[in-house]
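Lettering follows sequence order; numbering is per chain, from 1. Just so you know, these numbers use all the heavy atoms, side chains as well, and skip hydrogens, waters and symmetry mates.
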Amino acid sequence: MARFITELKRTHSCGELTKADIGKDVVLFGWVNNRRDHGGAVFIDLRDREGLTQVVFEADVRPEVHELAGDLRLEFCVGIRGTVVSRGGNANPKLRTGEIEVHATELTIFNRSEPTPFPIEDKVETSEEKRLQFRYLDLRRAPLQKTLMTRARVNHLTRNYFSERGFLELETPFMVKYTPGGARNFLVPSRLNPGKFYALAESPQLFKQLYMMSGFDRYFQIVRCFRDEDLRLDRQPEFTQIDVEMSFVEQNDVFDVIEGLVCKLWKEILGVELPRPFQRMPYAESMAKYGNDKPDLRFDMPHVVLTDIVKAHGGGGVPLMHEAVQAKGIVKAIRVPASAGFSRTDIEKLEEYVKGMGAKGLARAKIAENGEWTQSPLAKNITPEMRAAINAACGAQPGDLLLFQFGKENMVHTVMANLRVHLAKKMGLIPEYGSGGSWRYLWVVDPPLFEYDEESKTWAAAHHAFTRPHDEDLPYLETDPGRVNCYRYDLVLNGFELGGGSIRLHDPAVQARVFKAMGISDEEARVKFGFLLDALKMGAPPHGGIALGMDRTVMLLTGAESLRDVVAWPKTQKGTDLMTGAPGDVDLKQLREVYVKSTFEPQK
RNA sequence: GGGGUGUUAGUUAAGUCGGUUAUAACGCCGGCCUGUCACGCCGGAGGCCAGGGGUUCGAGUCCCCUACACCCCGCCA
């Protein structure tokens, strides 16, 4: 008997043998995916990352091999040697290797397996809790293997794409100085500097800009970023970005490079030709029509802004709407076509849904033949004039349903944005993964540079303080900061923000005016960003860049339903790792060593 | 910080109006079987019904609390 691995090297994967290989003597390694023991003949589906191959052990050919094969159970790790044979009339069309099978002449069991805590099957049939606890088993499942293999390809294609175009792959520190504002940072105590802390980088932002100031001209990095914020379906505390920065460019140059990358990924991995250039939409339009800056354009159903109509009619007999606009709130509607056929129960469920997002209720009206409203608490009081104006603005037809939301701007936007997507799902307007027309790329452009912070009564950077304002808006920096728009852009796909970036401020004089508008003193700016401000003063080139969410890109590319399905070792919603138990306890001695004292008192 | 959904053999689920021995399938163990591919047949083991408290003659089932997982709001430039 020849020995596996030392003498018998693997000749093929479990996914590649075809009719062309019939007659070959092959060696395969893998896991027992399934067994069918017929006594005199034992059938095994052998699995590796490439696929499945049926292996047959027959009693009258190699009795000792057949006997050992009787011991095989699910997930045993084995090596086999055998001859590739045609399956003739017994071919299995469901299997890529279904036309052949391997008649085993030798078998070794590298390792037996206890019964696994859940079956290793394509379809998930266990709780996410169990899957994460035994993630190494979960990852044996073919869909996850395929996803991570795709992820590796995205990495590879991205590196090639940028390298071919003169971008340098340069690294940036993870352990950085804490700067206030933006995402909450994970903190790392410094043993050598008592009482001081590093922050884990939430992005390489400042360093990549400094690379430009150093003259590296074009930079990219596939880089891990860390943010200590609450998790979501599409948010993990550590995630990967495709980070890019370029000197001597305007917005369109960045778009061009990124569209090229995305098109290459979609072409190479899915065989899909995306139309270029991608659609562009002003931020203000996106907010008005969709309630957020990441609209899903695979379906229509836009919001209708009714604020001005309500104002013009002095409330139109609807006190709640009147109050809303008086208090600087907004009024919006969505028209649900009669074809949706929503029942009262359906609408009540919708009301529950929006209440979960901070809405007080869900005002609605069904449109009668004569344009009057029915099934509506508003119907009695509203003036016919305002009703007609709203009907016209919404394009409401008899049988249609109008859903309203009014109040504080942020709440109305959030509720209506989520409601729009929720309705589309309910109505089946969103195409299945992989079907035609399912890739709606969009650049959302020209957002305001500042947003007003009600709490502190100041203007704050809507994104970060180093975004270049539109030249024509510069005069308003001092007089009306709210109307200053900037060269900031988000790349959106099917309702997900895939990435964002900006053309940066490289002019120290304008930078100073921006800080002033935000009420940040020279002193404060020096403390926070002194090194960057200095760098700006010493020949900083015009530059701009972008960061793409690598995980989200792979998620959409593969049709995965959760970011956790494209991250090999993800955290739970509470940020824990169910497999390793991280984050874990440390003892007092370790804490003293880094000069940290915990105020947490564990319950006894 | 807030709202919602869930937790029953190893796994996936069923469990009626609160009623006495908590079912089934897959997996596991033993036996049989040479053309299966969701192989089949016979037999068997396997349960702190997430944890704690309460209501009740009686709780998997009703109530409260806690834990964990998931979804959403806030948060995430």
When you compare B/U23 with B/C68, how far apart are their P atoms, in angstrom units rounded to a whole number?
33 Å

Just to be sure I understand the rule, does A/G40 reach a base, reach only the sugar-phosphate, or reach nothing, if contact means heavy atoms closer than 4.0 Å?
base

A/K355 side-chain N/O to B/G3 phosphate OP1/OP2 under 4.0 Å:
no

Phosphate-side-chain proximity, A/T126 and B/A13, N/O vs OP1/OP2 below 4.0 Å
no

C1' atom, B/U11 versus B/U56: distance in rounded Å?
35 Å

From CE of A/M411 across to C1' of B/G3 the rounded distance in Å is 15 Å

Distance flag, aromatic centroids of A/Y211 and A/Y219, threshold under 6.0 Å:
yes

Does the structure show a Watson-Crick or G-U wobble partner for B/G35, both distances under 3.5 Å? Name it, or say none.
none

Under 6.0 Å between the ring centres of A/Y290 and A/H303?
no

Using the C1' atom as the point on both nucleotides, what is the distance between B/G52 and B/U5, in whole Å?
22 Å

For B/U66 versus B/G27, give the span between their P atoms, rounded off to a whole number of Å.
41 Å

Taking atom CZ of A/F197 as the centre, report whether more than 12 heavy atoms of other residues, nucleotides or ligands fall under 6.0 Å from it.
yes

For A/R232 and B/C73, is the shortest distance between a side-chain N/O and OP1 or OP2 below 4.0 Å?
yes

Could you give the distance separating B/C28 and B/C72 at their P atoms, to the nearest angstrom?
37 Å

A/K425 atom NZ is separated from B/C72 atom C1', nearest whole Å, by 11 Å

Rounded to the nearest angstrom, tell me the gap between atom CG in A/L72 and atom C1' in B/U36.
15 Å

What does A/D60 touch in the nucleic acid at a heavy-atom separation under 4.0 angstrom: a base, only the sugar-phosphate, or nothing?
base

Contact class for A/T467 (heavy atom, under 4.0 Å): base, sugar-phosphate, or nothing?
nothing

Under 5.5 Å and under 30°: A/H38 stacked on B/C39
yes

Can you work out whether A/E58 or A/T572 has the more 5'-proximal nearest nucleotide on RNA chain B?
A/E58

Distance check, P atoms only: B/G51 and B/G10, in whole angstrom units.
13 Å

How would you label the contact of A/R131 with the nucleic acid (heavy atoms, under 4.0 Å): base, sugar-phosphate, or nothing?
nothing

Name the closest nucleotide to the A/F43 side chain, picking from B/U36, B/U34, B/U11.
B/U36

Is A/S127 close enough to B/A69 that one of its side-chain N or O atoms is under 4.0 Å from OP1 or OP2 there?
no

I'd like to check the side chain to side chain donor-acceptor pair (under 3.5 Å) partners of A/T580; sequence neighbours left out, ordered by chain and number.
A/D577

Give none if B/G43 has no partner; otherwise give the nucleotide forming a Watson-Crick or G-U wobble pair with it, both distances under 3.5 Å.
B/C29

Quick one: pull up CE in A/M416 and CE in A/M301 and give me the separation to the nearest 0.5 Å.
10.0 Å

Given B/C70, B/G30, B/C73, which nucleotide is nearest the side-chain atoms of A/M357?
B/C73

Looking across every strand, which nucleic acid part, if any, lies under 4.0 Å from A/N34 by heavy atom: base, sugar-phosphate, or nothing?
sugar-phosphate

For this output row, return yes or no: ring centroids of A/F43 and A/F57 closer than 6.0 angstrom.
no

Check this for me: does the side-chain of A/Q54 come within 3.5 Å of the base of B/U36 through a donor and an acceptor?
yes

Taking the P atom in each of B/U61 and B/U16, what is the distance between them to the nearest angstrom?
11 Å

Using a 3.5 Å distance criterion without hydrogens, assess whether the side chain of A/E16 forms a donor-acceptor pair with backbone atoms of A/S13.
yes

B/A67 pairs with which nucleotide, Watson-Crick or G-U wobble, both distances below 3.5 Å?
B/U7

In whole Å, I'd like the distance from the CD atom of A/Q573 to the P atom of B/G2.
14 Å

Under 3.5 Å on both distances, the Watson-Crick or G-U partner of B/G58
none

Does the structure show a Watson-Crick or G-U wobble partner for B/C76, both distances under 3.5 Å? Name it, or say none.
none

A/R36 side chain N/O closer than 4.0 Å to the phosphate oxygens (OP1, OP2) of B/U36?
no

Under 4.0 Å from OP1 or OP2 of B/C73: is there any side-chain N or O of A/R235 that close?
no

Partner residues of A/N34 under the side chain to side chain donor-acceptor pair (under 3.5 Å) criterion, sequence neighbours left out:
none

Could you state the CZ-C1' distance from A/R73 to B/G10, rounded to the nearest angstrom?
16 Å

Distance check: side-chain N/O of A/K130 vs OP1/OP2 of B/A69, anything under 4.0 Å?
no

In whole Å, what separates the C1' atom of B/A14 from that of B/G54?
28 Å

How is A/R87 classified with respect to the nucleic acid when contacts are heavy atoms under 4.0 Å: base, sugar-phosphate, or nothing?
base

Could you tell me whether A/Q205 contacts a base, only the sugar-phosphate backbone, or nothing, with contacts defined as non-hydrogen atoms closer than 4.0 Å?
base

Could you tell me the separation between the CG atom of A/D230 and the P atom of B/A69, rounded to a whole number of Å?
13 Å

With heavy atoms under 4.0 Å as the rule, sort A/H66 into base, sugar-phosphate or nothing.
nothing

Which part of the nucleic acid does A/T414 contact within heavy-atom distance under 4.0 Å: base, sugar-phosphate only, or nothing?
sugar-phosphate

Rounded distance in Å - NZ (A/K360) to C1' (B/G3):
16 Å

Spacing between A/N410 atom CG and B/C76 atom P, to the nearest angstrom:
12 Å

Taking the ring of A/Y489 and the ring of A/F255, is the distance between their centroids below 6.0 Å?
yes

Result for 5'-nearest mapping on RNA chain B, choosing between A/F118 and A/E101, is A/F118

